[in-house]
Amino acid sequence: CKPGGWVARTRGCPSPLYGALVNHLLLPITLTSTGAAGLLNVWLAVRCGRVRAASGGGLGHLDNDLLLARSRSHSNFAEYTPIVLMLIAAIELGEGSSYWLAGVSAAFLLGRIAHPLGMEGKLAQGRFIGTILALLITLGLGLYALSLPLRAASAVNAAQTGVGAG
């Protein structure tokens, strides 16, 4: 950790390993989240493909409720994940890496696992948990991202006018 460096924006280095990681990687939380999301996307696609192949192939849901549930889960993933990853990247780029952002990312990805399991009845309340996490995390990250330029402008204004100077 170098004072005044990129890592200083992370609100300190909690460990030497973490400091070394963020000094050598740009957007480590975004990289980790995107990598995990890519693997989840493949998992969801393979699950759909296996049911489709067992049903004789073809387009649509083939009047197969399991294929419908798996296709909807995959579509739901594709609906939420890109914007959440963009918000994570924007926040991490604007403020640096933080434990709270990593925690939010992990919660989102766990919700994306719970959702398809709930759609198939394999995890009680999984669909509800996945949906609520996706909605609240998208809302929270969106509002937080909107607040960043407003807080930055306010800090610049305060510095220029001397207001809030201790």
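Throughout, numbering of the chain's residues begins at 1 and tracks the sequence. Just so you know, these numbers use all the heavy atoms, side chains as well, and skip hydrogens, waters and symmetry mates.
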When hydrophobic residues are tied together by side-chain contacts of less than 4.5 Å, even through go-betweens, does L66 share a cluster with L44? no

Kindly indicate whether the side chain of H74, heavy atoms from C-beta on, has any atom under 4.5 Å from the side chain of N41. yes

When hydrophobic residues are tied together by side-chain contacts of less than 4.5 Å, even through go-betweens, does L136 share a cluster with I113? no

Less than 4.5 Å apart, side chain to side chain, heavy atoms only: is that true for L101 and L141? yes

Using a 4.5 Å cut-off on heavy atoms from C-beta on, say whether the side chain of T32 contacts that of S105. no

Search all heavy atoms of P149 against all heavy atoms of A145 and return the closest pair with its distance. CD-O, 3.2 Å

For residues 128-142, pull every pair meeting side chain to side chain donor-acceptor pair (under 3.5 Å), keeping only residues two or more places apart or in separate chains. none

Could you check if a side-chain atom of W43 sits within less than 4.5 angstrom of a side-chain atom of P116, using non-hydrogen atoms only? yes

Who pairs with R72 by salt bridge (charged side-chain N to carboxylate O under 4.0 Å, His left out), at least two apart in sequence or on another chain? E79

The criterion is salt bridge (charged side-chain N to carboxylate O under 4.0 Å, His left out); which residues satisfy it with E120, sequence neighbours excluded? R47, R70, K122

Hits for salt bridge (charged side-chain N to carboxylate O under 4.0 Å, His left out) against R127, two or more places apart or cross-chain, chain-then-number order -> none

Shortest non-hydrogen contact between L67 and C48, atoms and distance: CD1-O, 3.6 Å

With a 4.5 Å cut-off on side-chain heavy-atom distances among I, L, V, M, F, W and Y, is there a chain of contacts connecting L133 to L135? yes

With a 3.5 Å cut-off and sequence neighbours excluded, list the donor-acceptor pairs that the side chains of residues 50-62 form with protein atoms.
unit_1: R52; atom_1: NH1; unit_2: G58; atom_2: O; d: 3.0
unit_1: R52; atom_1: NH1; unit_2: G60; atom_2: O; d: 2.7
unit_1: R52; atom_1: NH2; unit_2: G60; atom_2: O; d: 3.4
unit_1: S55; atom_1: OG; unit_2: V51; atom_2: O; d: 3.0
unit_1: S55; atom_1: OG; unit_2: N64; atom_2: ND2; d: 2.8

The residue among I91, L87, I88 that forms side-chain contact (heavy atoms from CB on, under 4.5 Å) with T30 is I88

Between N76 and Y80, is there a side-chain heavy-atom distance shorter than 4.5 Å? yes

Answer with yes or no whether the hydrophobic clustering places L68 together with M119; edges join I, L, V, M, F, W, Y residues whose side-chain heavy atoms lie under 4.5 Å apart. no

For the residue pair E95 and Y144, establish whether any side-chain heavy-atom pair is separated by less than 4.5 Å. yes

In terms of hydrophobic clustering (I, L, V, M, F, W, Y; side-chain heavy atoms under 4.5 Å; direct or indirect links), are L143 and M86 co-clustered? no

Output all residues satisfying side chain to side chain contact (heavy atoms under 4.5 Å, CB included) with A37, sequence neighbours left out; order by chain, then residue number. F77, T81, L85, L109

